[in-house]
Amino acid sequence: MTVRLRFAPSPTGSPHIGNIRTAVFDYLYARHCGGDFILRVEDTDRTRYQEGSLEDMMTGLRWMGMQWDEGPDAGGDKGPYFQSQRLELYHKYAKRLLDSGRAYYCYCTKERLEEMRKEQEANHMPPGYDRKCRNLTEEEREAAAKENPNPVIRFAMKREGRTEFDDIVRGHVGFDNELQDDFIIIKADGFPTYHFASIVDDHLMGITHVVRGEEWLSSAPKHLQLYEAMGWEPPVWVHLPLILGTDGKKLSKRSGTSTTFIDYMKSGYLPDAMLNFLATMGWSSGEDRKLFSREELIKDFTLEGITNHPAIFDLAKLNDLQGEYVRMLSVEELADMLEPIMAAAGCVKPVNGDDPREYLLKVTELIQDRIVLLNEAPETANYFYTDDFDYDPKGVRKHFSADHAVALAERLAENLEAVNNWTHDDIEAAVRKSAHDLDLPKDALAIHAARLATTGKTGGPGLFELMLVLGKDVCVKRVRRAGNYCAELAKGE
Ligand code: GLU
């Protein structure tokens with residue numbers, strides 16, 4: 001039997017971290033088993049449908065390299081993969097339940113249900129449908145149909161005993177049947193509810209393992225009784241642990257962490273880092289290890305490794321992984337990724353007229369250790385592409401306001417100008433010599449001033465390396481400009 005897993009999002013908003021984590025587990029297990037990964041769109045709630053949601057979902061999956069074998073765009077012989085295009089099927093199977101007495105039309109109006117709910121609340125009774133329409137006589141049914149020609153269809157849950165099942169994560173679970181509601185399977189608008197549509201589809205699509213959020217655990221008895229009533233074999237159940245923030249609270253925007261997956265894509269995380277992070281959020285290989293390549297995840301991923309305690313979304317851990325992944329890239333790979341980001345920020349033309357690609361490779365090499373998010377690159381490397389940068393005010397106070405500042409800039413400019421061979425060592429010698437020429441107590445004073453003059457910043461890659469890339473003309477020009485700036489500053493004081 002082929003292992004088949006489906007990711008079944010409802011297009012009701014932009015995907016959040018939890019959605020994509022579920023998809024990651026579906027994908028990894030399907031690939032681990034050499035099985036199928038299916039994308040099914042659960043678009044039966046017309047009131048909550050949101051334009052663009054599915055596109056975001058698919059963009060996110062593709063970005064993570066999780067291409068589905070069947071689903072929208074991919075096709076497959078178990079389609080259609082949009083539930084809104086499968087209504088006939090749901091009606092066919094609802095009829096089967098009606099015929100066998102396991103489902104019934106419910107004519108109760110909104111008003112009646114509302115009254116019932118209030119009464120239950122007042123009497124401290126558990127909420128739920130009171131089964132008024134479950135045993136209507138033929139005449140009662142006809143009369144009710146006149147009053148409400150658009151009935152819903154409800155499933156007749158068993159009233160005695162317990163519904164028990166094994167969940168891969170939770171172990172053996174059981175629920176008392178008397179607490180279960182006769183839930184709706186077909187709504188008044190003719191659309192199925194999630195409970196019904198998902199079991200019909202899981203069966204028809206040959207889904208072997210249902211991996212979904214823990215919030216669905218309490219719905220499992222409904223699904224199991226549906227399977228039993230239909231005479232179908234239920235899948236293996238896998239209810240994933242909740243995702244909490246580092247504060248132990250439910251992940252929410254309010255705690256300062258975005259829950260929207262697209263935000264992470266846009267801010268320059270690497271897909272492989274994200275895959276590694278999400279795969280290890282609620283799953284463990286059993287070893288104390290944090291880095292897993294895609295191939296290793298596919299090889300090692302088992303359902304038994306899913307933890308049964310809440311998973312923690314730890315942004316610091318994500319950033320840590322991201323940094324490691326950025327550093328594992330070759331300079332060429334990283335440059336390829338940075339190119340569009342730099343271009344979008346206007347960092348296109350090398351400030352010294354060099355060949356843009358060669359220059360980008362050199363710049364990339366210098367900043368590879370200094371960025372976490374790819375989107376940080378333009379800000380980190382702006383001075384390679386423009387002369388028009390401001391000096392860090394803290395640096396100005398420290399290095400450009402010193403008594404020796406004007407003289408030092410002059411010495412630096414002259415000594416750099418005199419370098420014949422623009423090499424790392426000769427640049428270094430020229431900078432250090434400037435400090436010696438002025439009898440400064442430390443070479444570092446010249447090094448800091450030169451950095452501020454050539455980059456506007458107080459930190460960054462190795463000074464002589466970056467000056468080497470900028471080239472002599474640019475460096476001399478910038479040091480002279482800084483000298484004028486220091487002179488103005490001195491005048492103003
Ligand atoms: N459409 C449901 C959701 O987005 C799917 C739950 C499931 O995987 O069965 O939560």
Side-chain angles (χ1 to χ4, degrees), residues 268 326 331-371 373-396 399-400 405-406 408-431 434 446-489:
V326 168
V331 173
E332 282 78 12
E333 285 169 327
L334 181 56
D336 288 344
M337 292 179 183
L338 292 182
E339 202 163 331
I341 297 172
M342 297 299 276
C347 296
V348 181
K349 260 175 68 184
V351 79
N352 58 13
D354 268 8
D355 170 72
R357 177 69 188 179
E358 292 301 309
Y359 190 74
L360 177 63
L361 288 173
K362 290 183 200 162
V363 171
T364 301
E365 197 171 355
L366 287 182
I367 65 170
Q368 184 159 21
D369 285 353
R370 316 199 67 85
I371 55 171
L373 301 181
L374 302 188
N375 289 9
E376 292 165 7
E379 170 56 28
T380 306
N382 66 328
Y383 54 87
F384 287 107
Y385 292 91
T386 178
D387 290 321
D388 185 21
F389 53 78
D390 294 329
Y391 300 120
D392 176 330
K394 255 212 277 171
V396 169
H399 308 298
F400 284 180
V406 177
L408 175 59
E410 253 163 49
R411 294 305 314 144
L412 276 167
E414 272 168 37
N415 290 336
L416 290 170
E417 183 96 69
V419 174
N420 281 326
N421 251 339
W422 193 251
T423 60
H424 174 284
D425 290 357
D426 287 10
I427 298 167
E428 176 168 4
V431 173
S434 310
I447 293 173
H448 293 318
R451 176 185 294 283
L452 190 62
T454 50
T455 69
K457 300 182 196 298
T458 53
L463 175 68
F464 313 120
E465 281 90 350
L466 76 86
M467 289 176 77
L468 184 65
V469 173
L470 284 170
K472 177 167 156 178
D473 291 351
V474 172
C475 291
V476 170
K477 187 176 70 185
R478 288 184 181 179
V479 170
R480 286 203 200 289
R481 186 184 65 171
N484 293 337
Y485 181 92
C486 296
E488 288 298 315
L489 212 60

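In this chain, numbering begins with 1 at the start of the sequence shown. For clarity, every value in this text was computed on a predicted model and none was experimentally measured. What you see below is based on every heavy atom in this structure, not just the backbone, and it leaves out hydrogens, waters and symmetry mates.
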Looking at every heavy atom in both [X] and [Y], which two are closest together, and how far apart are they?
| X | Y | answer |
| --- | --- | --- |
| Phe400 | Ala405 | O-CB, 3.4 Å |
| Ala450 | Leu463 | CB-CD2, 3.9 Å |
| Asp354 | Lys362 | OD2-NZ, 3.8 Å |
| Pro378 | Ala345 | CB-CB, 3.5 Å |
| Ala430 | Val419 | CB-CG2, 3.6 Å |
| Pro350 | Pro356 | CG-CA, 3.7 Å |

So do the side chains of Leu468 and Ile427 get within less than 4.5 Å of each other, counting heavy atoms only?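 Touching, per the 4.5 Å side-chain cut-off.
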
Do Met342 and Tyr385 have side chains that get closer than 4.5 Å, going by heavy atoms?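 Of all side-chain heavy-atom pairs linking Tyr385 with Met342, at least one is under 4.5 Å.
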
Only one of Val363, Thr380, Leu366 forms a side-chain contact (heavy atoms from CB on, under 4.5 Å) with Pro461, so which one is it?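 Passing option: Leu366.
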
Among Val348, Thr364, Leu334, Leu360, whose side-chain contact (heavy atoms from CB on, under 4.5 Å) with Glu339 holds?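 Testing Glu339 for a side-chain contact (heavy atoms from CB on, under 4.5 Å) against Val348, Thr364, Leu334, Leu360 leaves exactly one candidate, Leu360.
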
Quick one: pull up [atom1] in [X] and [atom2] in [Y] and give me the separation to the nearest 0.5 Å.
| X | Y | atom1 | atom2 | value |
| --- | --- | --- | --- | --- |
| Lys472 | Asn420 | NZ | CG | 6.0 Å |
| Asn484 | Glu410 | CG | CD | 9.5 Å |
| Asp392 | Thr458 | CG | OG1 | 4.5 Å |
| Asn375 | Leu338 | CG | CG | 9.5 Å |
| Leu408 | His448 | CG | NE2 | 11.5 Å |

Before you tell me yes or no, could you show the steps for Val431 and Leu412 under side-chain contact (heavy atoms from CB on, under 4.5 Å), namely the whole-Å CA-CA distance, both residues' side-chain angles and the distance that decides it to 0.1 Å? CA-CA 6 Å; Val431 173; Leu412 276 167; 4.1 Å; yes

Crowding at [atom1], [X] (>12 non-hydrogen neighbours, <6.0 Å):
| X | atom1 | answer |
| --- | --- | --- |
| Glu365 | CD | no |
| Asp369 | CG | yes |
| Asp355 | CG | yes |

Any pair counted as ring-ring contact (aromatic ring centres under 6.0 Å, His included), so long as it reaches residues 451-477, sequence neighbours left out: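 Found His424-Phe464.
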
What residues form a side chain to side chain donor-acceptor pair (under 3.5 Å) with Asp336, not counting sequence neighbours?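 Asp336 satisfies side chain to side chain donor-acceptor pair (under 3.5 Å) with Arg357 once adjacent residues are dropped.
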
Are Asn382 and Lys457 close enough, and set up right, to give a side-chain contact (heavy atoms from CB on, under 4.5 Å), and what steps lead you there? CA-CA 10 Å; Asn382 66 328; Lys457 300 182 196 298; 3.3 Å; yes

So, applying side chain to side chain donor-acceptor pair (under 3.5 Å) with Arg478, which one of Asp473, Thr454, Asp387, Thr455 is it?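 That would be Asp387; it is the only one of Asp473, Thr454, Asp387, Thr455 passing the side chain to side chain donor-acceptor pair (under 3.5 Å) with Arg478.
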
Tell me whether Glu414 is salt-bridged to Arg411, with the criterion being a basic N under 4.0 Å from an acidic carboxylate O.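 Answer for the salt bridge query: yes.
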
Heavy-atom donor-acceptor pair, Tyr485 side chain to Val396 backbone, under 3.5 Å: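 Side chain of Tyr485 to backbone of Val396, a donor-acceptor pair under 3.5 Å: no, none is there.
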
Under a 3.5 Å distance rule, please check whether Asn352 uses its side chain to pair with a backbone N or O of Val469 as donor and acceptor.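 Confirmed, Asn352 side chain pairs with Val469 backbone.
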
Is it possible for you to check whether Arg451 lies under 6.0 Å from the centre of the six-membered ring of Tyr383, through NZ or CZ, and within 45° of that ring's axis?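 Arg451 over Tyr383 ring: no.
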
Please lay out, stage by stage, how Leu470 and Phe384 fare under the test side-chain contact (heavy atoms from CB on, under 4.5 Å). CA-CA 7 Å; Leu470 284 170; Phe384 287 107; 3.8 Å; yes

